[in-house]
Amino acid sequence: MSHGSYRKADGKGPAGRLAGRSAAGPSQRQLRVAEEVRRVLAEVFARTTFRDPDLSDVTITVTEVRISPDLKHATAFVARLGRTDIETILPALKRVAPFLRTQLSHTLRLRTAPEIHFQPDTALDYAMEVDALLRKPEVQRDLKD
C-alpha cells in the first residue's frame with residue numbers, strides 16, 4: 001500500500017478517524033501533538049478551579065489523547081482515580097471544552113487549536129476485571145495444568 005493512500009480503519013468510520021486511528025496508525029507528528037495536548041490539559045485540570053459546579057472539587061486525570069490526522073479534533077480519555085463515576089461529569093467537560101481549547105491555543109504552537117472531545121477511560125476497569133477473573137480458583141486450577 002502506498003504512503004498516500006487511504007483505507008478505512010477497521011470499519012470504525014468517522015469516529016475511529018476522530019480518535020486518531022488510521023490503517024497505518026498515527027504519524028509521529030500526531031503522537032507528538034497528542035502528547036502535548038495531554039500535558040497541557042493535565043496542567044489546566046491541576047491548576048484551574050472551574051466555575052462549573054459539576055467540576056468544582058473534582059480531580060480529573062487525562063490518561064491519553066488521540067488526535068485526528070488533520071490535527072483538528074482531539075479525543076481526550078479521562079478518568080477519576082479511585083472513582084467510577086466519570087460518566088456523570090462528561091457533560092460538564094463538554095461545557096468547558098471551549099475554555100480548554102482557548103488554553104490549548106495559548107500554549108501550543110499550532111495553526112488552529114484542536115476541538116476537544118471527551119471519552120471515559122475504561123482501560124483500568126477492564127484490567128481490574130481481567131485480574132479478578134485470573135484470580136478465580138477454577139482459572140488458577142486450569143493455569144497450573
Side-chain angles (χ1 to χ4, degrees), residues 3-140 142-143:
H3 181 66
S5 68
Y6 173 77
R7 205 171 63 175
K8 203 169 189 179
D10 302 323
K12 300 284 186 197
R17 286 190 298 278
L18 283 179
R21 295 183 184 164
S22 69
S27 68
Q28 196 64 33
R29 183 163 192 236
Q30 280 176 272
L31 293 172
R32 194 171 57 245
V33 170
E35 181 56 28
E36 278 298 306
V37 169
R38 189 202 64 76
R39 185 187 59 77
V40 171
L41 286 176
E43 285 178 6
V44 170
F45 284 129
R47 65 178 161 80
T48 304
T49 304
F50 294 98
R51 292 183 195 159
D52 194 307
D54 293 338
L55 292 178
S56 62
D57 300 328
V58 173
T59 304
I60 298 169
T61 304
V62 182
T63 56
E64 181 184 1
V65 173
R66 294 182 186 161
I67 198 153
S68 64
D70 62 1
L71 306 179
K72 291 185 179 181
H73 297 274
T75 302
F77 292 89
V78 293
R80 292 182 67 187
L81 294 181
R83 310 265 313 255
T84 58
D85 60 346
I86 191 69
E87 296 282 342
T88 59
I89 63 168
L90 286 179
L93 289 173
K94 188 174 182 177
R95 288 191 299 268
V96 299
F99 167 75
L100 295 170
R101 186 177 185 195
T102 302
Q103 296 300 308
L104 286 176
S105 70
H106 292 311
T107 308
L108 299 177
R109 296 186 65 194
L110 294 172
R111 185 171 292 164
T112 60
E115 251 183 72
I116 306 168
H117 309 279
F118 292 98
Q119 292 289 320
D121 186 10
T122 57
L124 185 60
D125 296 335
Y126 181 72
M128 290 173 58
E129 184 180 324
V130 169
D131 185 55
L133 287 172
L134 289 174
R135 292 181 187 273
K136 285 187 172 185
E138 54 271 12
V139 174
Q140 287 291 322
D142 290 344
L143 290 176

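Throughout, numbering of the chain's residues begins at 1 and tracks the sequence. These numbers come from a predicted model, not from an experiment.
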Indicate yes or no for a side-chain donor-acceptor contact from S105 to the backbone of A113 under 3.5 Å, with no hydrogens or angles considered. no
Salt bridge check: are E35 and R39 linked by an N-O gap of less than 4.0 Å? no
Any side-chain heavy-atom pair from H117 and H73 closer than 4.5 angstrom? yes
T49 side chain near S56 side chain, heavy-atom distance below 4.5 Å: no
Is F118 close to F77 at the side-chain level, that is, under 4.5 Å between some pair of heavy atoms? no
Nearest 0.5 angstrom please: L31 CG to E36 CD, how far? 12.5 Å
Within the side chain of T61, is there an N or O that forms a donor-acceptor pair under 3.5 Å with the backbone of R80? no
Quick one: closest heavy-atom pair of V139 and L133, and the distance? CG2-O, 3.4 Å
Are side-chain heavy atoms of L55 and I60 found at a separation under 4.5 Å? yes
Under 3.5 Å: donor-acceptor pair, side chain of T107, backbone of L104: no
Heavy-atom pair with the smallest gap, counting every atom of D121 and A123: OD1-N, 3.2 Å
Begin from the C-alpha positions of V37 and L108 and carry the test side chain to side chain contact (heavy atoms under 4.5 Å, CB included) through to its verdict. CA-CA 8 Å; V37 169; L108 299 177; 3.6 Å; yes
Can you check side chain to side chain contact (heavy atoms under 4.5 Å, CB included) on D131 and Y126, steps first, answer last? CA-CA 9 Å; D131 185 55; Y126 181 72; over 6 Å; no
Just wondering, do P114 and R101 contact through their side chains at under 4.5 Å, heavy atoms? no
Steps toward side chain to side chain contact (heavy atoms under 4.5 Å, CB included) verdict (T75, V65): CA-CA 6 Å; T75 302; V65 173; over 6 Å; no
Within the supplied structure, the quantity of interest is the number of heavy atoms (other residues, nucleotides, ligands) at a distance under 6.0 Å from R135 CZ; does it exceed 12? no
Could you pull out the closest heavy-atom pair between P120 and E87, with the gap in Å? CG-OE2, 3.1 Å
So do I116 and L41 actually touch side chain to side chain, heavy atoms under 4.5 Å? yes
Starting from the C-alpha separation in whole Å, work towards a yes-or-no answer on side chain to side chain contact (heavy atoms under 4.5 Å, CB included) for R32 and Q30. CA-CA 5 Å; R32 194 171 57 245; Q30 280 176 272; over 6 Å; no
Student check: side-chain heavy atoms of V58 and F45 closer than 4.5 Å: no
Under a 4.0 Å N-O cut-off, is there an ion pair linking R66 with E64? yes
Does some side-chain heavy atom of D54 sit less than 4.5 Å from a side-chain heavy atom of R95? yes
Quick one: CD on E115 to OG1 on T112, what's the gap to the nearest 0.5 Å? 9.5 Å
More than 12 non-hydrogen atoms from neighbouring residues, nucleotides or ligands closer than 6.0 Å to CZ on R29, yes or no? no
Heavy-atom donor-acceptor pair, Q140 side chain to L134 backbone, under 3.5 Å: yes
Just checking Q28: does its CD atom have more than 12 heavy atoms from other residues, nucleotides or ligands closer to it than 6.0 angstrom? no
Over 12 non-hydrogen atoms of neighbours within 6.0 angstrom of CG in D57: no
With rounding to the nearest 0.5 Å, note down the distance linking OG in S27 to CD1 in I67. 9.5 Å
